[in-house]
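Notes to accompany the following structure.
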Amino acid sequence: MESLDSIRDEWLRQITATASLDALEQIRVAALGRNGQVTGLLKGLGSLAPEERKARGAAVNKLKDEIEQALGEAKARLDQASLDRRLAEERIDMTLPVKAENDGRIHPISQTIDELIAIFGEMGFTVAEGPHIEDDFYNFTALNIPAEHPARQEQDTFYLMGQAGTRPEARKVLRTHTSPVQIRTMQAQKPPIRIIVPGRTFRSDHDATHSPMFHQVEGLVIEKHIHMGHLKGCLIEFCRAFFDIDDLPVRFRPSYFPFTEPSAEVDIGCSREGGGLKIGAGADWLEILGSGMVHPKVLANCGVDPAEYQGFAFGMGIERIAMLKYGIPDLRTFYESDLRWLRHYGFAALDQPSLITGAR
Ligand code: PHE
(Lines give C-alpha, C1' and ligand atoms only; values in the text may rest on other atoms or scores of the structure.)
Protein backbone atom coordinates (compact mmCIF):
# COMPACT_ATOMS: atom_id res chain seq x y z
CA MET A 1 0.00 0.00 0.00
CA GLU A 2 1.23 3.46 -0.91
CA SER A 3 2.68 5.54 1.87
CA LEU A 4 0.21 8.30 2.69
CA ASP A 5 3.06 10.41 4.08
CA SER A 6 4.83 10.73 0.79
CA ILE A 7 1.54 11.44 -1.01
CA ARG A 8 0.76 14.18 1.48
CA ASP A 9 4.26 15.68 1.27
CA GLU A 10 4.07 15.82 -2.51
CA TRP A 11 0.66 17.60 -2.56
CA LEU A 12 1.65 20.06 0.15
CA ARG A 13 4.89 20.82 -1.69
CA GLN A 14 2.97 21.55 -4.90
CA ILE A 15 0.37 23.62 -3.09
CA THR A 16 2.90 25.83 -1.29
CA ALA A 17 4.84 26.33 -4.51
CA THR A 18 1.80 27.51 -6.54
CA ALA A 19 1.88 31.09 -7.69
CA SER A 20 -1.55 31.38 -9.32
CA LEU A 21 -5.16 30.66 -8.48
CA ASP A 22 -5.57 28.76 -11.78
CA ALA A 23 -2.70 26.41 -10.97
CA LEU A 24 -4.10 25.95 -7.49
CA GLU A 25 -7.46 24.93 -8.94
CA GLN A 26 -5.74 22.36 -11.16
CA ILE A 27 -4.04 20.88 -8.11
CA ARG A 28 -7.35 20.73 -6.27
CA VAL A 29 -8.97 18.85 -9.15
CA ALA A 30 -6.00 16.47 -9.45
CA ALA A 31 -6.14 15.67 -5.73
CA LEU A 32 -9.76 15.98 -4.66
CA GLY A 33 -11.75 16.13 -7.92
CA ARG A 34 -14.01 13.31 -9.07
CA ASN A 35 -11.07 11.45 -10.60
CA GLY A 36 -8.47 12.85 -8.19
CA GLN A 37 -5.84 10.79 -6.50
CA VAL A 38 -7.15 11.21 -2.96
CA THR A 39 -10.73 10.62 -4.12
CA GLY A 40 -9.40 7.38 -5.63
CA LEU A 41 -7.88 6.38 -2.30
CA LEU A 42 -11.23 7.00 -0.59
CA LYS A 43 -13.03 4.89 -3.18
CA GLY A 44 -10.48 2.13 -2.74
CA LEU A 45 -11.43 1.80 0.94
CA GLY A 46 -14.49 -0.22 -0.06
CA SER A 47 -12.41 -3.15 -1.25
CA LEU A 48 -10.51 -3.48 2.05
CA ALA A 49 -11.25 -5.90 4.83
CA PRO A 50 -13.30 -4.26 7.62
CA GLU A 51 -10.52 -4.23 10.22
CA GLU A 52 -8.06 -2.67 7.73
CA ARG A 53 -10.63 -0.22 6.45
CA LYS A 54 -11.06 1.52 9.79
CA ALA A 55 -7.43 2.59 10.30
CA ARG A 56 -6.78 3.27 6.63
CA GLY A 57 -10.08 5.21 6.34
CA ALA A 58 -9.14 7.52 9.21
CA ALA A 59 -5.70 8.11 7.68
CA VAL A 60 -7.05 8.87 4.18
CA ASN A 61 -9.66 11.24 5.59
CA LYS A 62 -6.98 12.99 7.59
CA LEU A 63 -4.93 13.32 4.40
CA LYS A 64 -7.95 14.80 2.62
CA ASP A 65 -8.48 17.32 5.46
CA GLU A 66 -4.83 18.35 5.42
CA ILE A 67 -4.88 18.93 1.67
CA GLU A 68 -8.13 20.90 1.93
CA GLN A 69 -6.67 23.07 4.65
CA ALA A 70 -3.48 23.69 2.66
CA LEU A 71 -5.60 24.60 -0.39
CA GLY A 72 -7.60 27.05 1.71
CA GLU A 73 -4.49 28.70 3.09
CA ALA A 74 -2.91 28.94 -0.35
CA LYS A 75 -6.08 30.49 -1.74
CA ALA A 76 -6.13 33.11 1.00
CA ARG A 77 -2.44 33.86 0.34
CA LEU A 78 -3.00 34.21 -3.43
CA ASP A 79 -6.17 36.31 -2.98
CA GLN A 80 -4.31 38.70 -0.72
CA ALA A 81 -1.38 38.88 -3.16
CA SER A 82 -3.70 39.65 -6.06
CA LEU A 83 -5.48 42.34 -4.00
CA ASP A 84 -2.12 43.88 -3.04
CA ARG A 85 -1.11 43.88 -6.69
CA ARG A 86 -4.35 45.56 -7.76
CA LEU A 87 -4.09 48.18 -5.04
CA ALA A 88 -0.58 48.98 -6.17
CA GLU A 89 -1.50 49.06 -9.88
CA GLU A 90 -4.77 50.96 -9.55
CA ARG A 91 -3.47 53.64 -7.25
CA ILE A 92 -5.46 56.85 -7.77
CA ASP A 93 -3.66 60.12 -8.19
CA MET A 94 -5.84 62.49 -6.20
CA THR A 95 -4.08 65.49 -7.66
CA LEU A 96 -5.27 64.84 -11.24
CA PRO A 97 -8.02 67.18 -12.48
CA VAL A 98 -11.57 65.80 -12.64
CA LYS A 99 -12.88 64.79 -16.04
CA ALA A 100 -16.11 66.70 -15.71
CA GLU A 101 -17.39 66.45 -19.27
CA ASN A 102 -18.60 62.82 -19.20
CA ASP A 103 -19.67 62.86 -15.60
CA GLY A 104 -22.96 63.60 -13.94
CA ARG A 105 -24.40 67.05 -13.64
CA ILE A 106 -25.63 68.94 -10.61
CA HIS A 107 -29.40 69.52 -10.79
CA PRO A 108 -30.36 73.22 -10.91
CA ILE A 109 -32.27 72.83 -7.61
CA SER A 110 -29.15 71.54 -5.84
CA GLN A 111 -27.05 74.23 -7.46
CA THR A 112 -29.48 76.94 -6.40
CA ILE A 113 -29.53 75.62 -2.82
CA ASP A 114 -25.72 75.72 -2.81
CA GLU A 115 -25.84 79.30 -4.06
CA LEU A 116 -28.30 80.28 -1.34
CA ILE A 117 -26.05 78.69 1.27
CA ALA A 118 -22.99 80.51 -0.15
CA ILE A 119 -24.71 83.90 -0.11
CA PHE A 120 -26.41 83.61 3.28
CA GLY A 121 -23.36 81.84 4.70
CA GLU A 122 -21.35 85.00 4.03
CA MET A 123 -23.94 86.89 6.09
CA GLY A 124 -23.51 84.53 9.04
CA PHE A 125 -26.47 82.19 8.48
CA THR A 126 -26.24 78.47 9.14
CA VAL A 127 -28.44 75.76 7.63
CA ALA A 128 -31.24 74.16 9.67
CA GLU A 129 -33.53 71.31 8.65
CA GLY A 130 -36.78 69.79 9.81
CA PRO A 131 -39.08 66.84 9.05
CA HIS A 132 -41.27 66.64 5.94
CA ILE A 133 -44.07 65.08 7.98
CA GLU A 134 -45.08 67.72 10.49
CA ASP A 135 -47.58 68.11 13.29
CA ASP A 136 -50.39 70.52 12.54
CA PHE A 137 -49.04 72.45 15.55
CA TYR A 138 -45.69 73.29 13.94
CA ASN A 139 -47.03 73.79 10.43
CA PHE A 140 -49.98 75.99 11.43
CA THR A 141 -50.93 76.66 15.07
CA ALA A 142 -47.57 77.81 16.44
CA LEU A 143 -47.22 80.04 13.38
CA ASN A 144 -50.40 81.85 14.37
CA ILE A 145 -52.35 80.34 11.48
CA PRO A 146 -55.91 80.11 12.83
CA ALA A 147 -58.11 77.03 12.62
CA GLU A 148 -60.31 78.55 9.92
CA HIS A 149 -57.40 79.63 7.70
CA PRO A 150 -57.90 78.55 4.07
CA ALA A 151 -54.42 76.98 3.86
CA ARG A 152 -55.63 74.24 6.20
CA GLN A 153 -58.33 73.14 3.78
CA GLU A 154 -58.04 69.62 2.50
CA GLN A 155 -57.59 70.92 -1.04
CA ASP A 156 -54.34 72.70 -0.10
CA THR A 157 -52.79 70.50 2.56
CA PHE A 158 -51.89 66.82 2.40
CA TYR A 159 -53.15 65.26 5.63
CA LEU A 160 -51.84 61.81 6.45
CA MET A 161 -54.47 59.08 6.41
CA GLY A 162 -55.92 57.18 9.36
CA GLN A 163 -56.00 60.05 11.86
CA ALA A 164 -59.73 60.05 12.59
CA GLY A 165 -59.56 60.33 16.39
CA THR A 166 -56.39 62.45 16.59
CA ARG A 167 -56.40 65.82 18.39
CA PRO A 168 -56.35 68.58 15.73
CA GLU A 169 -52.96 69.89 16.85
CA ALA A 170 -51.33 66.47 16.68
CA ARG A 171 -52.61 65.66 13.20
CA LYS A 172 -49.80 64.87 10.77
CA VAL A 173 -49.46 66.87 7.56
CA LEU A 174 -46.85 67.06 4.83
CA ARG A 175 -45.37 70.45 5.60
CA THR A 176 -46.86 73.10 3.33
CA HIS A 177 -43.93 75.47 3.84
CA THR A 178 -40.51 75.52 5.54
CA SER A 179 -41.78 77.90 8.26
CA PRO A 180 -42.36 75.11 10.86
CA VAL A 181 -38.56 74.90 11.13
CA GLN A 182 -38.67 78.46 12.55
CA ILE A 183 -40.67 77.08 15.48
CA ARG A 184 -38.48 74.01 15.95
CA THR A 185 -35.33 76.13 15.91
CA MET A 186 -36.63 78.69 18.41
CA GLN A 187 -37.75 75.89 20.72
CA ALA A 188 -34.37 74.17 20.48
CA GLN A 189 -31.94 77.07 20.78
CA LYS A 190 -31.73 80.45 22.42
CA PRO A 191 -31.26 83.64 20.36
CA PRO A 192 -29.21 84.93 18.62
CA ILE A 193 -30.56 82.82 15.75
CA ARG A 194 -29.60 83.22 12.11
CA ILE A 195 -30.68 80.28 9.96
CA ILE A 196 -31.79 79.39 6.49
CA VAL A 197 -33.87 76.29 5.86
CA PRO A 198 -33.76 74.90 2.33
CA GLY A 199 -36.03 71.92 1.82
CA ARG A 200 -39.02 70.17 0.31
CA THR A 201 -42.58 71.34 0.78
CA PHE A 202 -45.90 69.87 -0.32
CA ARG A 203 -49.27 71.24 -1.42
CA SER A 204 -52.07 69.48 -3.21
CA ASP A 205 -51.78 71.60 -6.30
CA HIS A 206 -50.88 70.34 -9.74
CA ASP A 207 -50.79 72.29 -12.96
CA ALA A 208 -48.28 73.91 -15.30
CA THR A 209 -47.00 76.28 -12.62
CA HIS A 210 -47.62 74.22 -9.45
CA SER A 211 -46.14 70.92 -8.40
CA PRO A 212 -47.41 68.90 -5.39
CA MET A 213 -43.79 68.78 -4.21
CA PHE A 214 -41.55 71.79 -4.51
CA HIS A 215 -38.73 73.46 -2.63
CA GLN A 216 -38.59 76.51 -0.43
CA VAL A 217 -35.94 78.28 1.52
CA GLU A 218 -36.87 79.87 4.80
CA GLY A 219 -34.82 82.47 6.62
CA LEU A 220 -35.01 83.44 10.27
CA VAL A 221 -33.08 86.02 12.28
CA ILE A 222 -33.80 86.54 15.98
CA GLU A 223 -31.61 88.90 17.97
CA LYS A 224 -31.92 91.95 20.19
CA HIS A 225 -32.71 95.24 18.41
CA ILE A 226 -33.50 93.68 15.02
CA HIS A 227 -35.78 95.89 12.95
CA MET A 228 -37.25 96.30 9.48
CA GLY A 229 -34.03 97.98 8.28
CA HIS A 230 -32.13 94.72 8.84
CA LEU A 231 -34.77 92.80 6.91
CA LYS A 232 -34.52 95.20 4.00
CA GLY A 233 -30.72 95.33 3.98
CA CYS A 234 -30.41 91.56 4.14
CA LEU A 235 -32.91 90.84 1.38
CA ILE A 236 -31.68 93.58 -0.98
CA GLU A 237 -28.16 92.21 -0.56
CA PHE A 238 -29.41 88.70 -1.24
CA CYS A 239 -31.37 89.60 -4.39
CA ARG A 240 -28.43 91.49 -5.88
CA ALA A 241 -25.94 88.72 -5.08
CA PHE A 242 -28.20 85.93 -6.31
CA PHE A 243 -29.05 87.54 -9.64
CA ASP A 244 -25.53 88.97 -9.85
CA ILE A 245 -26.78 92.47 -10.66
CA ASP A 246 -25.27 95.16 -8.43
CA ASP A 247 -27.96 97.78 -9.01
CA LEU A 248 -30.95 95.42 -9.23
CA PRO A 249 -34.02 97.43 -8.15
CA VAL A 250 -35.72 95.84 -5.11
CA ARG A 251 -39.14 96.90 -3.83
CA PHE A 252 -40.95 96.04 -0.58
CA ARG A 253 -44.72 95.88 -0.90
CA PRO A 254 -47.00 95.62 2.18
CA SER A 255 -48.57 92.20 2.47
CA TYR A 256 -50.04 89.78 5.00
CA PHE A 257 -48.84 86.55 6.58
CA PRO A 258 -50.29 85.32 9.88
CA PHE A 259 -46.80 84.74 11.32
CA THR A 260 -45.23 88.14 10.52
CA GLU A 261 -46.24 91.70 11.40
CA PRO A 262 -45.67 93.83 9.46
CA SER A 263 -45.32 91.69 6.36
CA ALA A 264 -43.86 92.56 2.99
CA GLU A 265 -43.58 90.94 -0.36
CA VAL A 266 -40.37 91.58 -2.23
CA ASP A 267 -40.31 92.42 -5.92
CA ILE A 268 -37.32 92.81 -8.20
CA GLY A 269 -37.11 95.05 -11.25
CA CYS A 270 -37.48 93.55 -14.69
CA SER A 271 -38.46 94.43 -18.19
CA ARG A 272 -40.80 92.53 -20.48
CA GLU A 273 -40.07 94.58 -23.56
CA GLY A 274 -40.23 92.62 -26.79
CA GLY A 275 -41.89 89.66 -25.08
CA GLY A 276 -38.81 88.29 -23.26
CA LEU A 277 -38.29 88.66 -19.52
CA LYS A 278 -35.10 90.44 -18.48
CA ILE A 279 -34.20 90.87 -14.84
CA GLY A 280 -32.69 94.23 -13.89
CA ALA A 281 -33.79 97.86 -14.21
CA GLY A 282 -36.97 98.13 -16.28
CA ALA A 283 -40.57 99.19 -16.22
CA ASP A 284 -41.94 96.07 -14.52
CA TRP A 285 -41.75 94.24 -11.21
CA LEU A 286 -41.59 90.57 -10.41
CA GLU A 287 -42.56 89.14 -7.03
CA ILE A 288 -39.96 86.75 -5.64
CA LEU A 289 -40.41 86.30 -1.92
CA GLY A 290 -42.46 86.83 1.23
CA SER A 291 -41.08 88.33 4.40
CA GLY A 292 -41.87 90.20 7.59
CA MET A 293 -41.03 90.87 11.23
CA VAL A 294 -41.71 87.73 13.26
CA HIS A 295 -45.11 88.13 14.94
CA PRO A 296 -44.83 88.63 18.73
CA LYS A 297 -47.33 85.79 19.21
CA VAL A 298 -45.04 83.42 17.30
CA LEU A 299 -42.08 84.42 19.49
CA ALA A 300 -44.19 83.90 22.62
CA ASN A 301 -45.40 80.50 21.29
CA CYS A 302 -41.73 79.44 21.28
CA GLY A 303 -40.86 80.83 24.70
CA VAL A 304 -38.97 83.84 23.30
CA ASP A 305 -39.80 87.13 25.06
CA PRO A 306 -41.00 89.60 22.38
CA ALA A 307 -40.10 92.52 24.67
CA GLU A 308 -36.48 91.43 24.60
CA TYR A 309 -36.01 89.88 21.15
CA GLN A 310 -37.22 90.75 17.68
CA GLY A 311 -36.50 89.27 14.34
CA PHE A 312 -37.45 88.85 10.74
CA ALA A 313 -38.29 85.90 8.53
CA PHE A 314 -38.59 85.29 4.84
CA GLY A 315 -39.51 82.48 2.52
CA MET A 316 -39.27 81.84 -1.18
CA GLY A 317 -39.74 79.14 -3.78
CA ILE A 318 -36.45 77.65 -4.97
CA GLU A 319 -37.78 76.46 -8.35
CA ARG A 320 -39.13 79.94 -8.98
CA ILE A 321 -35.87 81.79 -8.40
CA ALA A 322 -33.93 79.08 -10.30
CA MET A 323 -36.31 79.43 -13.28
CA LEU A 324 -35.81 83.20 -13.27
CA LYS A 325 -32.04 83.08 -12.93
CA TYR A 326 -31.39 80.31 -15.45
CA GLY A 327 -34.24 80.94 -17.89
CA ILE A 328 -35.93 77.58 -17.31
CA PRO A 329 -39.41 78.01 -18.79
CA ASP A 330 -41.37 75.05 -17.39
CA LEU A 331 -41.64 73.99 -13.75
CA ARG A 332 -42.55 70.39 -14.55
CA THR A 333 -39.24 69.72 -16.28
CA PHE A 334 -37.44 69.91 -12.92
CA TYR A 335 -38.83 66.52 -11.93
CA GLU A 336 -38.85 64.64 -15.22
CA SER A 337 -35.32 63.21 -14.87
CA ASP A 338 -34.69 63.88 -18.55
CA LEU A 339 -30.94 63.59 -19.12
CA ARG A 340 -30.99 65.92 -22.12
CA TRP A 341 -32.60 68.59 -19.93
CA LEU A 342 -30.05 67.98 -17.18
CA ARG A 343 -27.14 68.23 -19.61
CA HIS A 344 -28.54 71.54 -20.83
CA TYR A 345 -29.48 73.16 -17.50
CA GLY A 346 -27.28 71.21 -15.07
CA PHE A 347 -23.94 72.23 -13.61
CA ALA A 348 -20.50 70.67 -13.71
CA ALA A 349 -19.52 68.92 -10.52
CA LEU A 350 -16.85 71.42 -9.59
CA ASP A 351 -18.84 74.52 -10.44
CA GLN A 352 -18.99 75.48 -6.78
CA PRO A 353 -20.92 78.66 -6.12
CA SER A 354 -19.28 81.35 -4.06
CA LEU A 355 -19.60 85.11 -3.69
CA ILE A 356 -16.22 85.55 -5.32
CA THR A 357 -17.39 83.82 -8.50
CA GLY A 358 -20.61 85.82 -8.52
CA ALA A 359 -22.43 82.92 -6.86
CA ARG A 360 -22.26 81.08 -10.13
N1 PHE B 1 -44.23 80.56 4.57
C2 PHE B 1 -44.60 81.55 3.57
C3 PHE B 1 -45.15 80.82 2.34
O4 PHE B 1 -45.00 79.64 2.23
C5 PHE B 1 -43.44 82.40 3.18
C6 PHE B 1 -42.94 83.28 4.28
C7 PHE B 1 -41.96 82.85 5.15
C8 PHE B 1 -43.45 84.56 4.46
C9 PHE B 1 -41.50 83.66 6.17
C10 PHE B 1 -43.01 85.38 5.48
C11 PHE B 1 -42.02 84.94 6.32
O12 PHE B 1 -45.76 81.42 1.49
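Treat the numbers as computed from the prediction; the structure is a model and nothing was measured. Every heavy atom of this structure was used, including side-chain atoms; hydrogens, water molecules and symmetry mates were not. In each ligand, atom 1 is the first atom listed, and ligand 1 is the first ligand listed.
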**OP:** Would you please indicate if the ring centroids of His149 and Phe140 are separated by under 6.0 Å?
**Re:** no
Original post:
Parallel, tilted or perpendicular: which describes the rings of Phe125 and Phe120, with under 30° parallel and over 60° perpendicular?
Top reply: perpendicular
Original post:
Can a non-hydrogen atom of Met316 be found less than 4.0 Å from any atom of ligand 1?
Top reply: no
**OP:** Output the list of atoms in ligand 1 that are nearer than 4.0 Å to some heavy atom of Gln216, sorted by atom number.
**Re:** 3 (C), 4 (O)
Subject >> Heavy atom of the protein closest to atom 5 (C) of ligand 1 (residue, atom name, distance) >> reply: Gly315 CA, 4.0 Å
**OP:** Identify the two heavy atoms, one from Pro198 and one from Val127, that lie closest to each other, and give their separation to 0.1 Å.
**Re:** CD-CG1, 3.7 Å
Subject >> Sub-4.0 Å heavy-atom contact, Phe259 with ligand 1 >> reply: yes
Subject >> Name of the residue among Lys75, Arg77, Gln69 meeting side-chain contact (heavy atoms from CB on, under 4.5 Å) with Glu73 >> reply: Gln69
Original post:
Under 3.5 Å, is there a donor-acceptor pair between the Tyr335 and Glu319 side chains?
Top reply: yes
Original post:
Once the angle between the rings of Phe259 and His177 is folded into 0 to 90°, is it parallel (under 30°), tilted (30 to 60°) or perpendicular (over 60°)?
Top reply: perpendicular
Original post:
Numbering the atoms of ligand 1 from 1, which are under 4.0 Å from a heavy atom of Ser179?
Top reply: 1 (N), 7 (C)
Subject >> Side chain, backbone, both or neither: Ser291 near ligand 1, heavy atoms under 4.0 Å >> reply: backbone
Original post:
Against heavy atoms of Gly290, which atoms of ligand 1 measure under 4.0 Å?
Top reply: 8 (C), 10 (C)
Subject >> Heavy-atom pair with the smallest gap, counting every atom of Asp136 and Pro168 >> reply: CB-O, 3.2 Å
Original post:
Would you say His295 contacts ligand 1, with heavy atoms under 4.0 Å as the rule?
Top reply: no
Original post:
For ligand 1, which atoms have a heavy atom of Ala313 less than 4.0 angstrom away?
Top reply: 9 (C), 11 (C)
Original post:
What residue among Thr201, Asp205, Asn139 forms side chain to side chain donor-acceptor pair (under 3.5 Å) with Thr176?
Top reply: Asn139
Subject >> Which segment of Arg203 sits under 4.0 Å of ligand 1 when only heavy atoms are counted >> reply: side chain
Subject >> Atom indices of ligand 1 within 4.0 angstrom of Glu218 heavy atoms, with elements >> reply: 7 (C), 9 (C)
